[in-house]
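Computed from a prediction, not measured in an experiment: that's the story for all the values here.
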Amino acid sequence: MNNLSAEAKVGLLVLGSSVILLWMTMMVGKFDFGKPEGYKVAATFDTVSGLDLKAAVRMAGVQVGTVEVVELEDSKARVILRIDPGVKIPKGSEAAVKTMGLLGDKYVDLIPPQHRVEPGQAGQERSGFYKDGDRIERSVASSDTDQLITKLSAIADDIKQVTGSLRNVFGSQRGEKSMEDILHDLRQTTANIKDFSYALRGDGSELVVRLNELVQNLNGMVNDNKDNLKVTMENVREASKSAEMALASIDNITKRIDRGEGTLGKLVNEDSMYSNIDSAAKGLSDYVSKVERLKTTIAFRNEYMFPKSKSYFTLELKPKLDQYYIAEIVSDPYAKYTRTESVTSPPGTTTTSETYEDKLRFSVEFAKRWGNLAIRLGLIESKGGIGADYFVLDDRIKFSLDAWNFNSTEPKNDNAHMKATATWNIGKVVFVNAGYDNFLNSSRAAGFAGVGLRFDDDDLKYIMGSVPIPK
């Protein structure tokens, strides 16, 4: 070594360092030479987010292999697992993507079935062990961190709402006054307890004397009523004998029923009676199921027509998703038209007066829906008519066109009454609408805007349950 030049020493150092670095890289990267050992099985997951190649495959917490391939197959993740030789995985096992600790690496956990099927028993096709190329049918994807964060965020929002409500209750002057009243009552209660303890401490001996006197009086009452107690016990014995006789009668009746005697015995023992009752019960169950499936909605709305206004009360019954019935009561300021002509002096002068009267009108319609389009037929505001609705954005917005009163004889309103409406559901309950009414008759055409409330079955159940019932 002493005869080597400086350049040779540096070269040997670099060569030795390279060999050590190469060996460490192969050990850390787990590089294998030659044909890999073990066998391969496949599993399919909905998502394997965070699962890397060479990730561990564990069973009962012990590493039994590694992840060899992660690829996409029919919009799902197909993972090929390299299982160590000598490790047997029972058929029917479940593959799950889990995390080592809270923020550790992802790995595939193999969970054996809890009830293995032994050879020769029913279900033998699920017994045995997986072989090279087999697929694990049962799999569970890992929990998504984003979903966990979303749930935690929702919980935080709920806590924020609760603290905001507490702040609104106790942060105001009224809340401060309520807290002062509560603290005053607590101080008063504490003072009363303190006074009672002082009184008990001072008069405790007298209280004990009173209790002793009460015990003596009770003993005297028992001694004085010994004879009465004996009579009472005799009555109890007689009552027990009567109960035994009643039980014997019940046993006799039960035996008669078992033998099919009497109406009740026939009801219990004859199959025809049971079949009739079962058929009636099924018919009643089917009827109740249909009633439960009937979705009910009520709505109130008011439309301002500049300067008139129009009010609606609507009841909607929906036995099917694509079929429903609508009943409506309308308060119409133009419901009744009256025209009066009178001749005044001097002769030849004619005076004409026209008046409108606000009255109730009724609508009864049958509606059928195809996709986003619904067609309605029936009475519209007490006249025969037809209507159509088109829904967009998951039924949050609806465009409607209605036509009725095709044979009008009212002057300047002789064309059919047509109305175009756009409705926007702001939330589950509140909605607004706007449109143009009676646009075929220029003298009566008017724009309008309105607001309303809608309640479905769940809302009605909550409202009815919140109404106090007088006792």
Side-chain angles (χ1 to χ4, degrees), residues 297-318 322-341 352-392 395-426 430-454:
T297 304
I298 64 172
F300 310 87
R301 75 177 188 274
N302 186 273
E303 296 177 354
Y304 187 68
M305 303 173 61
F306 310 102
K308 302 287 186 178
S309 64
K310 209 169 182 179
S311 300
Y312 298 80
F313 170 76
T314 306
L315 172 64
E316 181 180 302
L317 301 176
K318 184 179 289 186
D322 60 344
Q323 178 180 318
Y324 51 97
Y325 303 89
I326 300 172
E328 201 166 55
I329 302 175
V330 185
S331 176
D332 187 1
Y334 299 103
K336 184 177 180 181
Y337 169 76
T338 304
R339 178 184 177 92
T340 305
E341 295 184 357
T352 304
S353 63
E354 297 178 336
T355 59
Y356 292 92
E357 187 176 350
D358 189 346
K359 285 194 172 185
L360 296 178
R361 288 187 173 180
F362 302 92
S363 300
V364 179
E365 301 174 76
F366 169 75
K368 178 69 175 178
R369 181 167 175 174
W370 297 272
N372 291 337
L373 177 65
I375 302 297
R376 293 177 280 108
L377 294 172
L379 288 178
I380 301 179
E381 297 189 12
S382 301
K383 303 290 182 180
I386 186 173
D389 301 314
Y390 190 77
F391 301 87
V392 297
D395 293 357
R396 289 197 298 270
I397 296 178
K398 178 179 69 174
F399 298 98
S400 303
L401 182 65
D402 298 88
W404 70 95
N405 197 15
F406 298 101
N407 298 319
S408 175
T409 59
E410 181 182 336
K412 299 182 181 180
N413 191 39
D414 51 353
N415 294 323
H417 193 142
M418 296 195 68
K419 180 179 179 181
T421 310
T423 305
W424 175 31
N425 296 312
I426 298 177
V430 181
F431 65 92
V432 295
N433 64 351
Y436 203 56
D437 187 31
N438 208 356
F439 53 81
L440 293 184
N441 299 285
S442 58
S443 60
R444 287 278 299 279
F448 67 89
V451 63
L453 301 175
R454 179 185 292 108

Next on the checklist: Does Lys318 form a side-chain contact (heavy atoms from CB on, under 4.5 Å) with Thr297? I'd like the steps, not just the answer.
Outcome noted: CA-CA 8 Å; Lys318 184 179 289 186; Thr297 304; over 6 Å; no
Checklist entry - Checking side-chain contact (heavy atoms from CB on, under 4.5 Å) for the pair Gln323/Phe366: CA distance, chi angles, key distance, verdict? => result CA-CA 8 Å; Gln323 178 180 318; Phe366 169 75; 3.4 Å; yes
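With contacts defined as side-chain heavy-atom distances shorter than 4.5 Å, the pair Thr314/Ile326 qualifies. The shortest side-chain heavy-atom distance between Phe448 and Thr421 falls under the 4.5 Å cut-off. Looking at Leu360 and Ser331, their side chains come closer than 4.5 Å, going by heavy atoms from C-beta outward. Between Ile329 and Tyr312, every side-chain heavy-atom pair lies at or beyond the 4.5 Å cut-off. The closest side-chain heavy-atom distance from Asp389 to Arg369 is not below 4.5 Å. Two residues are said to be in side-chain contact when any heavy atoms from C-beta on lie closer than 4.5 Å; Asp437 and His417 meet this criterion. Side-chain contact check for Tyr390 versus Val392: some heavy-atom pair is nearer than 4.5 Å.
Taking CD of Glu365 as the reference point, atom OH of Tyr324 lies at 9.0 Å (rounded to 0.5 Å). Atom OG of residue Ser443 and atom CG of residue Asn438 lie 7.5 Å apart, to the nearest 0.5 angstrom.
Within the 3.5 Å criterion, the main-chain N or O of Asn413 finds a donor-acceptor partner in the side chain of Ser408. Without hydrogens or angle criteria, Asn433 side chain to Gly450 main chain gives a donor-acceptor distance under 3.5 Å.
Each of Lys359, Arg361, Lys308 was evaluated against Asp332; a single residue qualifies, Arg361, per the salt bridge (charged side-chain N to carboxylate O under 4.0 Å, His left out) test.
Listed by chain and number, the residues in a ring pair (Phe, Tyr, Trp, His ring centres under 6.0 Å) with Phe313 are Phe300 (sequence neighbours excluded). Qualifying salt bridge (Lys or Arg N to Asp or Glu O under 4.0 Å) partners for Arg444, counting only residues two or more places apart in sequence or in other chains: Glu410.
Under 4.0 Å is where a charged nitrogen must lie from a carboxylate oxygen, and between Glu381 and Lys310 at least one such pair does. Classification of Arg376 and Asp402 as a salt-bridged pair holds, one side-chain N sitting under 4.0 Å from a carboxylate O.
Between Gly385 and Phe406 the shortest heavy-atom distance is CA-CE1, 4.1 Å. Residues Lys383 and Asn405 approach most closely at CB-N, 3.8 Å, considering heavy atoms. Of all heavy-atom pairs spanning Ile375 and Ala388, the tightest one is CD1-CB, 3.9 Å. Across every non-hydrogen atom of Trp404 and Ile380, the tightest pair is CD1-O, 3.3 Å. Contact between Asn302 and Ser311 at its shortest, heavy atoms only, is ND2-OG, 2.8 Å. Of all heavy-atom pairs between Ala445 and Tyr436, the closest is CB-OH, 3.6 Å.
In the model, Asp395 has no side-chain atom that pairs as donor or acceptor with a side-chain atom of Asn425 under 3.5 Å.
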